[in-house]
Amino acid sequence: MGNEKLPYAADAESPLKPAELQVLRSQYEKEGEYVSLQTKFNYAWGLIKSTNRPDQQLGVQLLSEIFRASPDRRRECLYYLALGNYKLGNYGEARRYNDSLLDLEGGNLQAQSLRQLIDEKVAKDGMIGMAIAGGVAVAAGVLGSLAIGAARRKR
Amino acid sequence: MASTPPSSNPQDSGLAYRDNNENSILDPRQLEALGRTAYTTASQLISAHEPITSEHYRNALNSMHRSLRRPALQRSVFSFAQANPAQLLRQNFNVTEIEHRALTYLPDSLLKQVPESNSGFSLLDGFKASLPEADDDSGSEGRRRRKHGRHNSRGRRLLEDEKGPPQLRDLKRSKGRLDHRLEMMGIRKTMCSAEIKEIDAKIANLSTMRSVVLDRLAGLEQEEHDLEQEIMEMAEKVEDMQEQADEEEARSSVTNEDAGSVKREDEDGEPPGFMSASIYEKLPKEPSSLPSSTKGKRRKPTGYRKTSMPVLHEHLDSGSRIREMQAHNDIITALDFDAPFGTLVTAAMDDTVRVWDLNAGRCMGMLEGHLSSVRCLQVEDNLVATGSMDASIRLWDLSQAEYNPNQGTSINAKPSASSEDDESDALFTPTTSSANGEEIGEYAASASTENCHLFTLESHVDSVTALHFRGNTLVSGSADKTLRQWDLERGRCVQTLDVLWAAAQASTINPAQNAGAKTPTGAESAGTGGGWWKPAAGRVMNAEADFVGALQVFDAALAAGTADGVVRLWDLRSGMVHRSLVGHTGPVTSLQFDDVYLVTGSRDRSIRIWDLRTGGIYDAFAYDAPISSMQFDARRIAAAAGEDVVKVYDKTDGRQWDCGAGVLADDQTTPKPSIVEKVRIKDGYLVEGRRDGVVGVWSC
């Protein structure tokens, strides 16, 4: 897979115009049960680019269907799945897909940059977690010491 | 992607925070409020219990509160564009989120099976190519791309192009645009071919599924047929038992009665075979006025015929062989069948008429009585009409045949000279062995169909070459150059139409019309009619051509095609020709019409489709040899045109194709399939009779 053929994560942040998305959607709906792979992908990618969370979820779902159905497209799908999950904030999934793509194509620039992005996000998440945990610990400490102090004073 | 901007001024950064995090769930104010609440609660607690000594706790809380109020810290803790605590909560505890995860989760085993892709274009290419192209080509896509400014060679090129004179720039830009479009075209093309491949794969998959289901259908149909036979047998047994019981009862009650009544009873009990042809001729009553007891018994099986509709042939591939049998040893002169997988009647130059069970592919018997070979016949339900060279027309009722396709026990089977039951068939294997079947076939020929004859119509003075009946009206055409209309209820000729007279009338009333039928040479044929009579074309006017080649009747409307190439539409109420369709340059050999079109086949090698409303030609096409037979169903026109295949014209898509043994046969096949003489088609079920007496059944 040439590196030219995958979009960077920034591309996923630019939503399509509603009219454009509508075109993709109507094409997808028109083809019905025997929808072609490309049409499905078009719609899925359009959805992932959207800012609407349910849309993004549907996009990821369609992509996972494509992944199951057509082995030929799995590599590409891995990246898009990683990207979609990244946008959804499911960093665990995103990392899983992205890493399995990187296992296959170590030199994939898009995947590399996506890994960085995910790492950044996860680091922040970690900070949040630590902050929360720290806050809880402080509160517990305060309360605990209060309780101990109170007990000591009563005695 | 909100990163922390360096900020010294708290107010400024607070604003920036709001701007950057419009979609963030938590508001900084809420955070402050939270901090304040925590502070107040804690200080309350502390002050309540130890107002003085726990000063350091208060200090600690104060400092924490202060630090929380500092926007920079707030941001560093909570300001994330996509992931704030609320989102984390949502991801882990929201039902739809969990559902979504379950739906989209791909197991590791799948992740490992990721082959190298070998398609010509990437999905993204396809995506770009299928987005609607804006008029200003470097529109949505291009602009966005440039905005992000990454990995877009075109964007870069456009930037480079900014230098130079404006005209050159414009030109280059439009060239770039066109290049881009060309590229997109290439991608679209690859997309299309990929899609076609995809569809092909799907079709292949579907067709294997189809063949599996088709096999199942064949099995079911066979089973259904067997069951029906069983039911029929049972019903007959029940009938017999009932009759026996009735007879016993009647006999016991009759013993004391007088001789007259006994005699009458004897008459009733006589075998139905006693009713010979001569009696019917003397008593020209309708078939239904037969003695009721006999009729009741004989007609009983009719109720059990064809309760099921065979549909298998509709699903077989076009042109696949259903059956082939050596029906006769001579040229097939006429054949017809009632329904797909029903009953077939064939007539050949060997002067025999045979009845076939198309489902089992076996001969049910022979229709004997004609003194010469049968030239035309029609089967409709159980009624068969045959027209012969002996100038007579006979009517037969096939429901009178004592035929049991499943069981072949015969007491006095006659050994026969010609046993022609050919059971070479792939799809349907008859239940009896073929050696046994031959004998039965011959036995049946003599015994089981002998009661079928209803009556004979004898008024023609030359061979009957065409007939057609519908309801109670039968019309026959003969070499004596007349058409006769018969009332089947009364078994009498009700009208005679003289074709020559009608033609002469037409030529005197409207000479121009008749002139159309003349050949350019105007060659006169000797002795066919009066001096006015001109054959349509000298080269095909030979002894073989029947004067009346084909006819069809519908209520009072009659269409008849004759050797002069003219198709005349008669009104049976007035007995006049009300329209002549002139166009064929050879004798008309076959003809059929529905509510809109009339289709004719002629020895001039052409098939013509006429519009009945306008009387004009709707369509016409020609083959390489004279058409000897033609019939159409809802979709196809099947014609025998002197080849070893049946020519089929698909009306829906205008396709011409061949169906028959000649298609399957290659050079090695010996003997080569014979030329198809007669053809019949009903609901995509095609039966053809050849010169060597073989009858082939095909789906098309």
Side-chain angles (χ1 to χ4, degrees), chain A residues 1-2 4-8 10-11 13-14 16-17 19-20 23-24 27 34 36-39 41-42 45-46 57 60-61 63-64 67-68 71-78 80-81 87 89-91 93 96-97 100-101 104 117 121 124-125 127-128 131-132 138-139 142 145-146 149-150 153, chain B residues 1 23 38 42 45-46 49-50 53-54 57 60-61 64 76-78 80 82-85 87-88 90-91 96-97 100-101 103-106 108 110-119 121-127 129-132 140 144-145 147-148 150-151 153 191 194-195 198-199 202:
Chain A
M1 184 85 42
E4 291 294 310
K5 292 182 177 174
L6 291 176
Y8 278 89
D11 205 6
E13 301 293 344
S14 57
L16 294 178
K17 290 182 208 156
E20 287 175 321
V23 167
L24 297 178
Q27 177 69 17
Y34 297 104
S36 85
L37 191 152
Q38 184 67 52
T39 308
F41 170 79
N42 289 348
W45 182 231
Q57 285 183 335
V60 170
Q61 191 180 327
L63 276 176
S64 68
F67 185 91
R68 282 169 203 276
D72 198 37
R73 294 300 195 180
R74 278 189 183 165
R75 278 189 191 206
E76 282 172 89
C77 275
L78 272 179
Y80 291 107
L81 277 169
K87 264 197 92 172
N90 304 334
Y91 301 120
E93 293 296 292
R96 198 162 74 95
Y97 298 137
S100 44
L101 178 62
L104 294 160
L117 287 173
K121 288 284 179 185
K124 281 179 187 167
D125 269 5
M127 273 183 69
I128 294 173
I132 290 170
V138 166
V142 167
S145 56
L146 280 177
R153 264 188 69 233
Chain B
M1 248 139 297
N23 51 354
L45 280 167
I46 290 160
H49 295 283
E50 196 164 326
T53 45
S54 59
Y57 286 130
L61 274 172
M64 190 179 126
S76 68
V77 176
F78 292 111
F80 298 101
Q82 304 298 330
N84 47 44
Q87 194 162 8
L88 284 174
R90 190 170 60 189
Q91 275 168 22
T96 54
E97 291 287 333
H100 171 252
R101 285 194 164 201
L103 272 176
T104 56
Y105 184 79
L106 295 168
D108 286 333
L110 269 182
L111 289 185
K112 277 178 195 133
Q113 298 165 15
V114 183
E116 190 84 44
S117 169
N118 51 5
S119 56
F121 63 98
S122 73
L123 288 169
L124 188 67
D125 285 339
F127 175 78
S130 40
L131 258 194
S140 54
R144 194 165 47 239
R145 219 140 292 277
K147 196 168 71 190
H148 296 296
R150 286 204 230 180
H151 284 262
S153 55
M191 273 168 68
E195 212 165 309
E198 210 180 306
I199 291 169
K202 279 180 192 165

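A note on names: the letters A, B, ... follow the listed sequences, proteins ahead of strands, and every chain is numbered from 1.
- Applying the side-chain contact (heavy atoms from CB on, under 4.5 Å) criterion to Ser100(A), with sequence neighbours excluded, gives Leu78(A), Leu111(B).
- Every residue two or more places apart in sequence or in another chain was checked for a ring-ring contact (aromatic ring centres under 6.0 Å, His included) with Phe67(A), and none qualifies.
- By number of non-hydrogen pairs under 4.5 angstrom with chain B, the leading residue of Gly46(A), Ala139(A), Pro71(A) is Pro71(A).
- A donor-acceptor pair under 3.5 Å is formed between the side chain of Glu198(B) and the backbone N or O of Leu37(A).
- With a threshold of 4.5 angstrom between heavy atoms, Leu101(A) does not approach chain B through any atom at all.
- In this structure, Tyr97(A) and Leu106(B) have side chains that are in contact, with non-hydrogen atoms separated by less than 4.5 Å.
- Only the side chain of Glu93(A) comes within less than 4.5 Å of a heavy atom in chain B; its backbone stays farther off.
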